[in-house]
There are 2 protein chains.
Amino acid sequence: MDALTIHEAASTTGWSARMLRYVEEAGLIEPRRSAAGYRLYGPGELQRLRTLRELLDAHAVSITEVGFALRLRRDEELSAALQGWFATEPARPADVPAADWLLWEQDKHQKLLAAAARHATELMETTTR
Amino acid sequence: MDALTIHEAASTTGWSARMLRYVEEAGLIEPRRSAAGYRLYGPGELQRLRTLRELLDAHAVSITEVGFALRLRRDEELSAALQGWFATEPARPADVPAADWLLWEQDKHQKLLAAAARHATELMETTTR
DNA sequence: TCGACCTTACCACGGAGGTGTCAAGGTTCT
DNA sequence: AGAACCTTGACACCTCCGTGGTAAGGTCGA
């Protein structure tokens, strides 16, 4: 059936069953359910669980922080509000006066997307083994 | 001298002096210092303190979460890692197969930047009163 | 049916976030 | 000099995060 139950998924990924439920609660990985309500972890979820672990201790990020990043992705209203607030930072880019910050932002996103693309292809290679 | 000390800044913004130090510790607002080390809050900082408060209870965000968003802005490595991880989400864009996610992202950023621009002009109007 | 799994819902408990308060000492103003 | 500020550092308290455990009950396979 190509899917593991929670304890099986736990032992092959190094998480505890408890933490898999917690990760789900944080909205990070929500496995599909069987008719009876059992969590079913497919290969995609297993891979994501492993890379999540790497992500966490490679960058010293917490599960709730990743959850917040997810929220930022979904809630563009909030994203925009934060961007706007950061943009009013007075001292930092003293020579970049508020009118140019959009360009600045756009430039940052170019770099970011490039970096993400690199990372994504790496992941693809790892996943498709 | 066009700058307030911490208790003055506190009473005009509604924060407590303790919380101003905490906000600084989180990296959100770092006022300049006098020769003797006193914090000096200029008009820009005062405005940002007020809008920060609005931001927090308008979107139910915490100070540390804003701090994390700031970290995301600065650490593009981390940003890219998170983007990449989110991009491997299996179920969600089942019809958007991994090659197109960059375009998808780019589109999202277009919308985000547009929204941020709207918000920024609002802020400018408010600030320049 | 019985054992081994799964579910949700709790309690526990150390660590961190958010906030107030206090102590010991330096600065500024009059 | 003395009052009224400021500084950093610490203790205290409550809530939430991260994580383990346990209890009461449903599901699956021999």
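Since the model is a prediction, treat every value here as computed from it, not as a measurement.
The distance from atom CH2 of Trp15(A) to atom C1' of dG20(D) is 15 Å, rounded to the nearest whole Å. What separates CD of Glu25(A) from C1' of dG18(D) is a distance of 11 Å, to the nearest Å. The CD1 atom of Ile6(B) sits 19 Å away from the P atom of dG26(C) (whole-angstrom rounding). Spacing between atom CZ of Arg53(B) and atom P of dG18(C) amounts to 13 Å, rounded to whole angstrom units. Between the P atom of dG9(D) and the CD atom of Glu24(B) lies a distance of 12 Å, rounded to the nearest Å. Spacing between atom CE of Met19(A) and atom C1' of dG18(D) amounts to 6 Å, rounded to whole angstrom units. In this structure, Leu28(A) atom CG and dC17(D) atom P are separated by 13 Å, rounded to whole Å. Between the OH atom of Tyr22(A) and the C1' atom of dG20(D) there is a distance of 13 Å, given to the nearest Å.
Heavy-atom distances under 4.0 Å link DNA chain D to Ser62(A), Ile63(A), Thr64(A) of residues 62-70 of chain A, given in residue order.
Within the 4.0 Å cut-off from OP1 or OP2 of dC5(C), not a single side-chain nitrogen or oxygen of Arg39(A) is found. At dT8(C), none of the side-chain N or O atoms of Arg18(A) fall inside 4.0 Å of OP1 or OP2 (strictly under the cut-off). For the pair Arg21(A) and dT7(C), the criterion of a side-chain N or O lying under 4.0 Å from OP1 or OP2 is met.
Arg48(A) contributes a side-chain N or O that, together with a main-chain N or O of Leu28(A), makes up a donor-acceptor pair within less than 3.5 Å. Panel note: side chain Trp15(B), backbone Leu49(B); a donor-acceptor pair is recorded below 3.5 Å.
Closest approach of Ile6(A) to Ala17(A), counting heavy atoms only: CD1-O, 3.6 Å. Scanning all heavy atoms of the two residues, the minimum distance from Glu45(B) to Pro31(B) falls at OE2-CA, 4.2 Å. Residues Leu20(A) and Ala10(A) share a closest heavy-atom pair of CD1-N, 3.8 Å. Considering all non-hydrogen atoms of both residues, Arg71(B) and Ala60(A) come closest at NH1-O, 3.6 Å.
Heavy atoms from other residues, nucleotides or ligands lying under 6.0 Å from CD of Glu8(A) number more than 12.
Cluster annotation: Leu4(B) and Tyr38(B) are assigned to distinct hydrophobic clusters (Ile/Leu/Val/Met/Phe/Trp/Tyr, side-chain heavy-atom contacts under 4.5 Å, transitive).
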Within the sub-3.5 Å range, which N or O atoms of nucleotides 26-29 of chain D have a protein N or O partner, and how far apart are they?
{"from": "dG26(D)", "atom 1": "N2", "to": "Tyr38(A)", "atom 2": "OH", "distance (Å)": "2.7"}
{"from": "dT27(D)", "atom 1": "O4'", "to": "Tyr38(A)", "atom 2": "OH", "distance (Å)": "3.2"}

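Taking 4.5 Å as the limit, some side-chain heavy atom of Ser79(A) sits within range of a side-chain heavy atom of Leu72(A).
For Arg33(A), taking side-chain heavy atoms from C-beta onward, the closest of the listed nucleotides dG20(C), dT7(C), dC17(D) is dT7(C).
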